[in-house]
Amino acid sequence: MKSEPDDVSFDDVLASPGQVTSWYGVRNYQARNFIRDGMKVGDGVLFYHSSCAVPGVAGLAEIVSAPYPDATQFDPKSPYYDPKATPEQPRWMGIDVKAVHQGRYVDLKELRSHPELEHMRLLAKGSRLSVMPVEPAEWRFIVKLIG
DNA sequence: GCCAACGTTGGC
DNA sequence: GCCAACGTTGGC
């Protein structure tokens with residue numbers, strides 16, 4: 001899961017009550033589907049910092065809720081407001097994420113240096129989704145790198 | 001700030 | 001349903 005650290009950093013989540021943050025604002029259908037159809041309590045998360053000086057995996061996190069309608073879609077004052085969404089027919093989903101381990105910051109340059117990770121979806125050309133799956137072998141490899 | 005990649009929008 | 005225009009993402 002990608003977050004802009006200027007918005008919400010891994011440290012911010014660690015400093016939050018219960019080390020839990022509500023993940024909202026996803027407005028891409030493919031990313032929405034990964035949340036809605038692919039995430040469940042206990043799933044591991046690579047918390048990735050994007051659009052910053054040194055992009056990379058900032059820590060390990062975990063899904064701690066089921067997916068639920070992202071409340072910002074109903075709020076006309078929110079930048080994430082979607083006039084076509086209604087509580088009866090929500091369009092966008094959020095989920096709760098808990099920071100569990102910080103370890104070593106593994107930056108994008110290092111990720112790209114490992115042949116084991118060359119097929120990572122995150123590293124694919126043109127990959128822009130803010131939420132995407134990680135293969136089990138890639139997950140295990142990165143967990144070791146983080147330490 | 002640039003630009004490639006990609007998604008969405010809207011006229012037809 | 002096509003596709004050009006436009007907007008966004010995100011690394012550099």
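Both backbone and side-chain heavy atoms feed into the values below; hydrogens, waters and symmetry mates do not. As the structure is a prediction and not an experimental result, all values here were calculated from the model. In what follows, chains carry the letters A, B, and so on, assigned in the order in which the sequence lines appear, proteins first and then strands, with residues in each chain numbered from 1.
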Under 6.0 Å between ring centres, would you say that holds for A:His114 and A:Phe141? yes

Does the distance from a Lys or Arg side-chain N to an Asp or Glu carboxylate O, for A:Arg140 and A:Glu116, drop under 4.0 Å? no

Report the distance from atom CG of A:Asp107 to atom C1' of C:dG10, rounded to the nearest whole Å. 15 Å

Under 3.5 Å, N/O pairs linking protein and nucleotides 6-9 of chain B:
unit_1: B:dC6; atom_1: OP1; unit_2: A:Lys125; atom_2: O; d: 3.3
unit_1: B:dC6; atom_1: O2; unit_2: A:Arg128; atom_2: NH1; d: 2.8
unit_1: B:dC6; atom_1: O2; unit_2: A:Arg128; atom_2: NH2; d: 2.9
unit_1: B:dG7; atom_1: O4'; unit_2: A:Arg128; atom_2: NH2; d: 3.2

Pairing of A:Asp70 and A:Arg27 as salt bridge, 4.0 angstrom limit: yes

A:Val97 side chain near A:Val20 side chain, heavy-atom distance below 4.5 Å: no

Whole angstrom is fine here: how far is it from CG in A:Asp7 over to C1' in C:dG10? 15 Å

What is the distance from NE2 of A:His49 to P of C:dG10, rounded to the nearest Å? 13 Å

From CG of A:Leu111 across to P of C:dC12 the rounded distance in Å is 11 Å

How far does OG of A:Ser50 sit from CE of A:Met1, to the nearest 0.5 angstrom? 12.0 Å

Would you say OH of A:Tyr24 has more than 12 non-hydrogen atoms from neighbouring residues, nucleotides or ligands within 6.0 angstrom? no

Atom CG of A:Leu123 and atom C1' of C:dG11: how far apart are they, to the nearest Å? 12 Å

